[in-house]
Amino acid sequence: MDYNFKEIEQQWQSEWNKAGAYKVSNKSDKQPYYVLDMFPYPSGAGLHVGHPLGYIASDIYARYKRLQGFNVLHPMGFDSYGLPAEQYAIQTGTHPEVTTFKNIDHYIEQLKKIGFCYDWDREVRTCDPKFYKWTQWAFIQMFNSYFDTQLQKARPISELIAKWEQTDPTWATLSEKEQQERLMNYRIAYLSDTKVNWCPKLGTVLANDEVSEGLSVRGGYPVEQRVMRQWSLRVSAYAGRLLEGLNNIDWTESLKETQRNWIGRSEGAEMRFKIKGQDEPFTIFTTRADTVFGVTFMVLAPESEYVARVVTPDHQAEVDAYLDRCKHRTERERIADRKVTGVFTGSYAINPLTNAEIPIYISDYVLSGYGTGAIMAVPAHDSRDYAFAKHFNLPIIPLIEGADVTEASFDAKEGKMMNSGFLNGLEVKDAIAKMKEYITNTGIGHVKVNYRLRDAIFSRQRYWGEPFPVYYKDGMPYMVDEKDLPITLPEISDYKPAEDGRPPLSKAQNWTYKGYPLELNTMPGFAGSSAYYLRYMDNHNDQALVDQGVNAYWKQVNLYIGGTEHATGHLIYSRFWNKFLYDLGYVCEDEPFQKLINQGMIQGRSNFVYRYIGEGADGNLYISFNLIDRPEYKGKVQPIHVNVNIVHNDVLDINAFRAWMPEYQKARFVYADGTMDEDNPYLGVAAEKQYICGWAVEKMSKSMFNVVNPDDVVEQYGADTLRLYEMFLGPLEMSKPWDTNGIDGVHRFLRKLWNMYENVTNDAPTKDELRSLHKLIKKITWDIENFSFNTSIPAFMIAQNELSALKCNKTAILREIAVLLAPYAPHIAEAMWHRCGETTFVIDAEWPVCNEAYLEEDGVKYPVQFNGKVRFTLEQPKTATKEEVEQAVMANEETAKYLNGATPKRVIVVPGRIVNIVI
RNA sequence: GCGGCAUUGGCGGAAUUGGUAGACGCGCCAGACUUAGGAUCUGGUUCUCACGAGUGUAGGUUCGAGUCCUAUAUGCCGCACCA
């Protein structure tokens, strides 16, 4: 019986379905294990072959863990709020929900074909009111909490109020509005006037991770700075813990490093500088406290609140002009044009160590959002200060011996101090420590840790997102009663955002709560994806995000697989969100994702035909790729993208090409062998004539005709071949192009393997067969444990070869092979399993254990290496000459038994010690 | 500028603890079966006619290095006026 993958895959998918084979219970005596994929945003284009890469890897691991006896949670869902569906709605008037549901259905259909072991009963959708009820609930908890900096954790805001009532006599004198305003400075979800990234084209504000180089990540539209009243999440409060937590989780170094960069911890000091003629000092942040003796001026950010205090009347006009200019420059312009600009305020500060009077400037090279928005400038040892000093002709005092600062600043933190009073002669590192001690003791300043991480702006002026559970009374926000959740998204007919920032929800009818107006903004994309992994545990629970007992069972995601593109977005927000819930006792783990693997991107592999454009060209002649460097064609051909689906192993399907588009109907070719079509374009093509296409690795996109749809691969080769081939393509974590050359080899292997199950017998297996099997068990087990899925496929092929050569048809061997293959190619494995006479599902089988004894011979145990080589090490004897060593080898009981009179192929000897003998 | 990762045949890539580099697959070559092949099967295939050489380049450690160390080049990714 031939390998009929279509029949096999359909049959077993429906059997699994009928039996509910992938249903996962929250009640089990088994150990829990949670394997999670980053859930997709269902786009209209559907899945391409790049999407399932990570899903296949996690599916293999999930199935393996299940075979090992774990109760495995492996769910899938959809991140279904977001811009594309809304943009589509604006263009067509179709409700985003309609588009989104249609896309989800398509995704599910595609995913089901590939045979994942998801428990679809646990599916979640972020746009489902039953789901976003808990997103809104979490927001209310954040509003009602503050971050206790002493405890370094979130606490109910009521505790803060109680504290103030007892310790702060002014509290009771404040009006309710004043009290609320004060509390707003502490709430974890808070409303404030803040400088935001406003994208007029998208009609919404964006978080920092959604903006890159002054352009929106989605769409690439310009982003400008604007002050707006917005909700934010106090993520920055968790900066220290987010950084610390990285040490206890099993993520790749590069991803942790990306997050560390993003959090951006820097240890320094805050120092107070007096302003000449004023009592109140102002505070700056520096990491180079050692350089105070070299401060020759001060700089404030244009937005700094100190500006108003220090500008003298005679400089007011000049400063106003400068501030105005800064305000109208976009972030992008500021970055692109790094000219030194600035203006003198007219005021002077006093250097607390030298008592020198130093001028105070304003310049946009100082950022308002970092530190205190004010710096002390040390031109000799900071390149930015240096450029500023040169431009405004300010003094530059070198502080490190031997540093030449006539051309450039000396930024390195090394060398001996000079011109620095009591620091003279110290190494920079020691000088920093000593100065910190000094300023602390004298009260000039204190040691301070600063983070680059900012709070996350949480409002979006869009329609297709979670509504806030917030209403307004006297202009102050109040939370909706928890029992009234969810606040469902209202129907509207006009989704268009306004450039003035009025959100689409302003057009909703009756958008009120108890007669008060509801919040018009919606939540950003990361709101729904921040705690979805918790909801899978208990997705039908309408009393809690997740039942505490259920959460205590599953605990956290043991293995999370997804792309690096979420490093500074979702993966930061999720960790923050989880830590917050942990602080309030809603979840039992501090970190959401114990182990994280980033699958590489699958790029497109484009194919090209080469149109002849030289002398006498009629636009219908195409030159085979192997000929384009010939003198008669060189420089006279134009590469044209050709649909990769009509190219097989870089050979063009001539007839399909002519039928592809009208302009190619009359195409003629110069074939790989140099022969040319007659002028009659309708001639048939002789079988041996091949047109070779060129290729390039590019992004997978429609316009390059290199998108490969997994449905087509499943149709042609079956899901099992697709799964194996995606793994075979290369290491999981590396980026690689999708290249169909080679998929035949994998398919051939499955067919050959299948044929071995033709006439199975129950005879006892031979030693060689057992050896082959146990070598495979060892290898596959190691591979899966180490996520080295790509090397498993060759191992299967080798085993198939060996067993095939032995004409093995023993069920004792073949049924174990089926189990080993089950994680990778579940359908064929299931069919193989049943051909061995089994009646249960292979997914309920037990993972075979490698019996090392089968790898032994004559009672001697030899470590088997990957390539099957046998090698062992001896400590004896202490001889040096080759002959003596060989004698010793023969004399050794173990080696002699193995060699059985033969000479070893290779003996590697270190004087006095035999290291390695290869037989 | 700072940080992370990578570099092995014509191609994708193996080499798990430092131990015969090039597994396995593609492609290519030859043969078999075929009216035919984008089918199937068998054998070969790092380079070089050869001697030999060989894991980006140059050194080092080691009996032994693709693997460890130092420098360097190239490519990819992250951060970047963050004081």
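Quick caveat: nothing in here was measured; it's all calculated off a predicted structure. In what follows, chains are A, B, ... by sequence order, proteins preceding strands, each numbered from 1.
Heavy-atom minimum distance, A:Ala289 versus A:Val292: O-CG2, 2.8 Å.
Among the protein residues, A:Pro731 comes within range of the sugar-phosphate backbone only, with heavy atoms under 4.0 Å from sugar or phosphate atoms but none that close to a base. Residue-level contact check: A:Asn790 touches the backbone only, with heavy atoms under 4.0 Å from sugar-phosphate atoms and none from bases. Using a 4.0 Å heavy-atom cutoff across all strands shown, A:Phe796 reaches no nucleic acid atom at all. Contacts of A:Leu729 with the nucleic acid, taken as non-hydrogen atoms under 4.0 Å apart, involve only primed sugar atoms and P, OP1 or OP2.
A sub-4.0 Å separation between OP1 or OP2 of B:A83 and a side-chain N or O of A:Tyr365 is absent. Listed pair A:Thr791 / B:U16 fails the phosphate criterion, with no side-chain N or O lying under 4.0 Å from OP1 or OP2. OP1 or OP2 of B:G78 has not a single side-chain nitrogen or oxygen of A:Arg260 nearer than 4.0 Å. Look at A:Arg748 and you'll find a side-chain N or O under 4.0 angstrom from OP1 or OP2 of B:U40.
Rounded to an integer number of Å, the gap from CZ of A:Arg605 to P of B:G12 is 10 Å. Across the protein-nucleic acid pair, A:Arg751 atom CZ and B:U40 atom C1' stand 8 Å apart, rounded to whole Å. Between the P atom of B:C24 and the CG atom of A:Asp744 lies a distance of 19 Å, rounded to the nearest Å. Atom pair A:Tyr725:OH and B:G13:C1' shows a separation of 11 Å (rounding to whole Å applied). In this structure, the CG atom of A:Leu596 is 20 Å from the P atom of B:G4, given to the nearest Å. For the pair A:Ile602 CD1 and B:C76 P, the interatomic distance rounds to 20 Å; values are reported in whole Å. The distance from atom CH2 of A:Trp262 to atom C1' of B:C77 is 15 Å, rounded to the nearest whole Å. Atom CG in A:Asp385 sits roughly 20 Å away from atom P in B:G1 (whole-Å rounding).
Between the side chains of A:Asn598 and A:Thr564, no donor-acceptor pair of N or O atoms lies under 3.5 Å.
Each of A:Gly730 and A:Gln259 has a nearest nucleotide on RNA chain B; the 5'-most of these lies closest to A:Gly730. The nearest heavy atom of RNA chain B to A:Asp739 and to A:Asn450 marks one nucleotide each, and the one closer to the 5' end goes with A:Asp739.
We find that A:Lys779 and A:Asp783 are joined by a salt bridge, their nearest charged nitrogen and carboxylate oxygen being less than 4.0 Å apart.
Glycosidic conformation, B:G78: anti, with the torsion outside 90° of 0.
The side-chain contact (heavy atoms from CB on, under 4.5 Å) with A:Pro352 is formed by just one residue from the set A:Val295, A:Ile439, A:Ile444; it is A:Ile444.
Taking the six-membered ring where the residue is Trp, A:Phe388 and A:Tyr361 present perpendicular rings, their angle passing 60° and hence far from 30°.
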